[in-house]
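The block underneath contains the structure these notes are about, expressed in structure tokens.
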Protein chains: 2
Amino acid sequence: MEEKKNLVGGISRKTLERLPMYHHYLERKYREGTETISAPAIALDLQLNEVQVRKDLAMVAKTAGKPKLGYVVKDLIRDMEEFLGFHNTNQAALVGVGSLGKALLSYKGFEQYGVEIVLAFDSDGRRVNTKTGGKPVFPMDKLENLCRRMNIHIGIITVPAEYAQEVCDRLVGGGVRAIWNFAPTHLTVPDHVLVQNENMAVSLAALSKYLYEVDKEGGQWTEEEDH
Amino acid sequence: MEEKKNLVGGISRKTLERLPMYHHYLERKYREGTETISAPAIALDLQLNEVQVRKDLAMVAKTAGKPKLGYVVKDLIRDMEEFLGFHNTNQAALVGVGSLGKALLSYKGFEQYGVEIVLAFDSDGRRVNTKTGGKPVFPMDKLENLCRRMNIHIGIITVPAEYAQEVCDRLVGGGVRAIWNFAPTHLTVPDHVLVQNENMAVSLAALSKYLYEVDKEGGQWTEEEDH
DNA sequence: TAGATTGTTAATCGATTAACAATC
DNA sequence: TAGATTGTTAATCGATTAACAATC
């Protein structure tokens, strides 16, 4: 029985989740003309603890910050992109060209993160051999073969939950090593494959629960109050 | 300065994130004819610790499990849905009818979680006064007014990052108390408003980083190995 | 009964925050 | 220099896991 890993490349999952937030924030600051920035300033804007910011930045920054000055924004952005591997483009295949699949195929913003969707698969004959967002849609039986031949490393699953595991297995069979799963279901994969769940159900549950609580308590509420 | 809350209704965020996973799993089991199920069985299938499963279920279950038997699947599903507030439908407004916005408007699966998108807003005159997924699209200047009049509590943001904060402020101004944010940016909101980030950038960063590491290390890799 | 499974208390683990000396 | 800010070590906090008595 294998351990579930919490670390990706020596960095905790929690830290990794914050990095894109810093990245986006720093890019905006840089566009606005900010040249250097301090950890307390970042912490204030992003509502984080300043020590946490310093520790997070220490994970990625090649050069240390300077007391009284802070960090050089431009260098920080560069180091962060290198750390996250945004410059090594990975090609991805998407399976399931429904409305969500179409939205993802049409979305231009992924390349910035080093991911490019190059082709899609669908079981519906009417969608096969068309193009969506400029990306060709192939029939399912070409999946393993095309993924392997094109050396695709990322699979994006946007099929209904009941087909997700099967699609996942086939992607892994085609040599895919990282899965971005939009189906609201748990996927079982071999150890060397990473599953990243984009779990909308989780968000909805949190929203729903929050509003439910607020209504129940009849207004604003804090966890300190015990009723 | 306010504390960021980690608890929603006396339950830890981590636990809350697992509940939809149990819910989906249990529904499948129930469809397959399973009447009772034990914590170890769930833990095995979902790759969790069995004590964790028991603790999580204890948070939601109205009736205790029975030694040697486990829990009644049907009751568990019912309790979980009640706990998460899936039966109290909340109406939502979506802002930004781009490809992602359209996909969400067309998606039928939200109602199951107690969320119903009833209308949308967009700044593009060509989209205004059309319907997408059967939901009317209104111009931006109607936002606050319509949200308030219709007693909308959930706002869904699918606009580009640079407009997200402004849209967020207006939704809050219209009485929205929970925001589902798809823009890759940090939103600042009053304390009584919950922001749920559906942060694709985070997922992409994790995928990208993982593949980057795997390639660097020349194959499979574990965090135990120090090179 | 025997043993699988429960719920709970205690131990462990990891992540966050506080404290502080170093430094530009 | 003085003080803002750094990086790091120690303390705290919360979540996970292990241990175990209760029970059907």
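So you know, we letter chains A, B, ... as the sequences are listed, proteins then strands, and number each from 1. Values below: every heavy atom of this structure, side chains too, minus hydrogens, waters and symmetry copies.
The nearest whole Å value for the distance from the CD atom in B:Q52 to the P atom in C:dG14 is 14 Å. The separation between A:K14 atom NZ and D:dC13 atom C1' is 13 Å, rounded to whole Å. Between the P atom of C:dT5 and the CD atom of B:E50 lies a distance of 9 Å, rounded to the nearest Å. Across the protein-nucleic acid pair, A:M59 atom CE and C:dT16 atom P stand 12 Å apart, rounded to whole Å. For the pair B:D56 CG and C:dT8 P, the computed distance is 14 Å after rounding to whole Å. Here the C1' atom of nucleotide C:dG3 and the CG atom of B:L69 are 14 Å apart, to the nearest Å. Rounding to whole angstrom units, CZ of residue A:R13 and P of C:dT16 are separated by 13 Å. Taking atom CG on B:L16 and atom P on D:dG14, their separation rounds to 17 Å, with Å as the unit.
Of the possible donor and acceptor atoms, none in the side chain of A:K62 sits under 3.5 Å from a partner among the backbone N and O of A:V60. The main-chain N or O of A:F110 is never found under 3.5 Å from a side-chain atom of A:E116 such that the two would form a donor-acceptor pair. Listed for the A:H153 side chain is no donor-acceptor partner under 3.5 Å among the backbone atoms of A:A92. A:T158 places no side-chain N or O within 3.5 Å of a backbone atom of A:A183 that could act as its donor or acceptor partner. Checked by atom type and distance alone, the side chain of B:N197 never pairs as donor or acceptor with a backbone atom of B:N199 at under 3.5 Å.
Each of A:V195, A:T185, A:L171 was compared with A:I157 under the side-chain contact (heavy atoms from CB on, under 4.5 Å) criterion, and only A:L171 meets it.
Across the strands present, C:dA19 finds its partner in D:dT8; the criterion is a Watson-Crick or G-U wobble pair with both atom distances under 3.5 angstrom. Remark: D:dC24 base-pairs with C:dG3. Criterion, Watson-Crick or G-U wobble with two distances under 3.5 Å.
Using a 4.0 Å cut-off between charged side-chain N and carboxylate O, B:E82 and B:R78 make no salt bridge.
In terms of position on DNA chain C, the residue among A:R18 and B:P40 whose nearest nucleotide sits closer to the 5' end is B:P40.
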How would nucleotides 18-24 of chain C be written as a contact map, 5' to 3', with B for base contact, S for sugar-phosphate-only contact and - for no contact, using protein heavy atoms under 4.0 Å? B----BB
